[in-house]
Protein chains: 2
Amino acid sequence: MPARTRRGEVGVVDLARELEVSTATVSRALNGSERVRPELARRIRDHARDRGYVANRHARALSSNSSHAFVGFVIPYVDTPAYSAVAAECARLLSADGTQMILTITENDPRRELDQVRDLLATRVAGVVVSPSTGILAATRELLRALPVVQFHRGAGIGAPGVFSDDAALGEAVSRLVDLGHRRIGYIGPSRAISNGAARLTAVRDGAAAAGLDPDSLAVRLLEPATDQGAGAVRELLHRADRPTALVVGGGTLSLAVAREVRASGLALPGDLSLVVYGDPAWFALHDPPLTVVSVDYPELARRAARLLLGGIGGDPPGGDVLLPSELRTGGSTGPPPPGT
Amino acid sequence: MPARTRRGEVGVVDLARELEVSTATVSRALNGSERVRPELARRIRDHARDRGYVANRHARALSSNSSHAFVGFVIPYVDTPAYSAVAAECARLLSADGTQMILTITENDPRRELDQVRDLLATRVAGVVVSPSTGILAATRELLRALPVVQFHRGAGIGAPGVFSDDAALGEAVSRLVDLGHRRIGYIGPSRAISNGAARLTAVRDGAAAAGLDPDSLAVRLLEPATDQGAGAVRELLHRADRPTALVVGGGTLSLAVAREVRASGLALPGDLSLVVYGDPAWFALHDPPLTVVSVDYPELARRAARLLLGGIGGDPPGGDVLLPSELRTGGSTGPPPPGT
DNA sequence: CTGAAAGCGCTAACAC
DNA sequence: GTGTTAGCGCTTTCAG
C-alpha cells in the first residue's frame, strides 16, 4: 500500500490508470515527446488539466537528473536597486520559462557564498546567476565550473559569461567636469577588490586623462559599498585645504551616503561643489537640485543575463561578456567650479 | 549498472559502503537521529564531511514528503524597498535555517499568482510567505490553505497569520497637520481593494477625526500602487480652486511619484504645501527639505514573518496577526498652512 | 507508437 | 542500535 503520504494529489499513475495507458505514455505526452500519437497526447494532456495534475518537481528532477526546474540567484544584497531591479526582472523571465528562482543573499561573505552555492548544487539547479562576493573562495569558483553560470555587476574570474556596465558614462562625467574647469576632483568608489570597483576607477581615470587632467591628481577613496561607508570620506575630502571642487561617486549605496553627507556639509550644489552620483535616477531626482547621475538600465541587464543563462542551460556555447552602455544624465548638481579655485 | 548519471557525486550508498554500515544508519546519523551510537554517528558525519557529501535535496524531499528544504516567497514586486528589504531579511533568516527561498513575482496579476502558487506546491514547499495580489483568486486561497502561510503588507483573507504595519503614524501625521492649522488635506493612497489600502485610508480618516476634522472633508484619491500613478492625482488636486494645503501619501511607490510631481509644481515646501510621504526614510531624506515620512521597520517585519513561518512549519499553532508600530519622522516638509487659507 | 520495468538518492517502516 | 527493504513520483531505457 502506498502508505507514505499522497495528500490526495493526482500523479502520473492515476492519470495512466484512468486513461488505461501506461505511465510512460503519460509522461511522454506531458513532456511533448514526438513519439506519442497526437490524438492520444491531446487526450492525456486534457485529462491531466481537468484533474488538476501538477508534476512533482522533485520526482522529475530526481529522475531525469537534469531539468530547468530550478535556477540559483546568488547576490550580495537585494535591498538596493542595483540588485532588486535585476532580481525582479530575472524572476519574471525565468518564471515565464517555468523555472523557479532560488534567491540567495551572501551579504558579501565568501563563506556563506560557498555554503549557498553548495546547497544550490544539492538542489541540482540548472544554472546560477551570480554577482560574486568580494573575496570569492577558490572552492566556490570550482563548484561553479560544474554548471552554466552567468555573472553580473561583478565578475569573479570563473570562466563564465557576464553582463556588466561599460561604465563609460563615469569617465564621461569626469571629462565633462574637467571641461567645466574643475581641476581638483574627488572620486569615491567601490574597493578595487570588487571587479566593478576596478573597472569604475579605470573609467574615471581614463575620463580624466581624456580631458587632459592627470589621473594621479584625482583624490581617490575606495571603500566597501555599504551604507555606513562614504560619509567619512566625504568629510575628510571636504575638510582638506585644497578640497575638491567636484565629487564623483562610483556606486549606488555609496552615492546615497555621500549625497546625505554633502547635504549636511551645507555646501551649495553646484555653486560650491559639483556632485555626480551613481545609480537609480528616479530616486536621485528627489534631490534639490536633481543630481547628475550615471545610470545603467538594470532591467535590460537582467534580460541579457536571463537570456544568457537560459541559453547556457539549453546547451548553447558560452558566449562572451555583454557590456551594457551606461548613461550620464545631467541634472542640476554639476556646473563650473566656484570662482577663484 | 547505475548508468543514468552520477556526476561523480558521493551519495549515502558510497558513505555506507566505505564505512561498512547500512544506508539507513548513514541517513540516521546525518539527520541527527537519537538511535545511532554517538561514536558511530560522529564517525559517519566526519566521513561525510571529508568526502564532501551533500545530500540531494530532491531525493530527500521526495522520500520524506516533508522537509523545510524550500519555502516560497510570493510578492507583487521586488524592486521597491517595501518588498526588497523584506525579501533580503527573509532570505537571510531562512537560509540560516538551511531553507532555500524561491522568489516569485506576481506583478499583482492573480493568474500568475495562481500559477506560481501551484508550482510552489508542486515543489512541495514547506510553507509560503505571501503578499497577495489585489484580486487574489479563490483557487489560490484554496491552495494556500494546504500549508503553513504567512502574509505580510497585504492580507488576503486566507486563514493565515500576517505581519502588517499598524499605520498609526499615518493617522498621527494627519492629526499633526490639523493641529498645525490645515483644513484642506489631500490623501493619495493605494486602492481600497488592497488590504493595506483600506487600512491606511481608515488610519488617515481616524487621524483627521481625532483632531476634530471631518474625515469626509479629506480630498481622497485611491490608486493602484505604481510608478505611473500619482502624478495625475497631484496635478488635479493642486489645480483645484480650493487646493489642499497639505498632502499625505499612503504608499512608497506613490510617494516617489508624488514627490516628483510636487517638485515639478514649483510649490515651496512647507511654505505653500505640506507633504507627508510613506516609505524608506533614507531615500526621502535626499529631498530638500527632507520629507516628513511615515515608515515601518521592514527588516523587523521580515524577522517576524520568518519566525512565524518557521514556527508554522515546525507545527506551532497558527498565531494571530502581528501589527508593527509605524513611525512618523518629522522632516522639513511639514509646517503651518500658508497664511490666509 | 506503446508498455514493462528499472531506477534517480534518499528516508522510513519493519525486522533483527 | 543497526540492517533490509520498500517505496516517494517521475523519466527512460529496452522490448515489442
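Proteins come first, then strands; the chains are lettered A, B, ... in the order of their sequence lines, and each starts at number 1.
With sequence neighbours excluded, the residues forming a salt bridge (charged side-chain N to carboxylate O under 4.0 Å, His left out) with A/Glu300 are A/Arg303, A/Arg304, listed by chain and number.
For the pair B/Ser63 and C/dC10, the criterion of a side-chain N or O lying under 4.0 Å from OP1 or OP2 is not met. Taking only side-chain nitrogens and oxygens, B/Asn56 never comes nearer than 4.0 Å to OP1 or OP2 of C/dC8. Contact check, B/Thr25 against D/dG3: a side-chain N or O comes under 4.0 Å of OP1 or OP2.
Of the listed nucleotides (D/dG3, D/dG9, C/dT11), D/dG3 has the atom at the smallest distance from the side chain of B/Val21. Here the side chain of A/Val12 is nearest to one of D/dT11, D/dC10, C/dC10, namely D/dC10.
As a whole-Å value, the separation of B/Leu15 CG from D/dT2 C1' is 16 Å. Rounding to whole angstrom units, CG of residue B/Leu121 and P of D/dG9 are separated by 14 Å. The interatomic distance linking A/Arg17 (CZ) with C/dG3 (P) rounds to 15 Å, in whole Å. Across the protein-nucleic acid pair, B/Leu30 atom CG and D/dT2 atom C1' stand 16 Å apart, rounded to whole Å. For B/Arg60 and D/dC8, the CZ to C1' distance is 15 Å, given to the nearest whole Å. One atom, NE2 of B/His58, and another, P of D/dC10, lie 14 Å apart when rounded to the nearest Å. Atoms CZ (B/Arg57) and P (C/dC10) sit 13 Å apart, rounded to a whole Å. Between B/Leu62 atom CG and D/dC10 atom C1' there is a gap of 8 Å when expressed in whole angstrom units.
Annotation: proximity of residues 34-48 of chain B to DNA chain D (heavy atom, distance under 4.0 Å) is found for B/Arg35, B/Val36, B/Arg37, B/Leu40, numbered in ascending order.
Salt bridge absent: A/Glu39 and A/Arg42 never bring a charged side-chain N and a carboxylate O closer than 4.0 Å. A salt bridge between B/Glu34 and B/Arg28 is absent, with no side-chain N of the basic residue lying under 4.0 Å from a carboxylate O of the acidic one.
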Enumerate, atom names and distances included, each donor-acceptor pair closer than 3.5 Å involving a side-chain atom of residues 152-159 of chain A, sequence neighbours excluded.
residue  : atom : partner  : partner atom : Å
A/His153 : NE2  : A/Ala82  : O            : 2.8
A/Arg154 : NE   : A/Tyr83  : OH           : 3.4
A/Arg154 : NH1  : A/Asn108 : OD1          : 3.0
A/Arg154 : NH1  : A/Pro132 : O            : 3.0

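Residue-to-nucleotide proximity on DNA chain D shows that, of B/Glu20 and A/Tyr53, the 5′-proximal contact is made by B/Glu20.
If you run side chain to side chain donor-acceptor pair (under 3.5 Å) between B/His58 and each of A/His58, A/Arg124, A/Arg60, only A/His58 comes through.
The minimum heavy-atom distance between B/Ser133 and B/Thr106, with the atom names listed, is CB-OG1, 4.3 Å. In terms of heavy atoms, A/Ile102 sits closest to A/Leu120 at CG2-CD2, 3.8 Å.
Between the side chain of B/Arg28 and the base of D/dG3, at least one donor-acceptor pair of N or O atoms lies under 3.5 Å.
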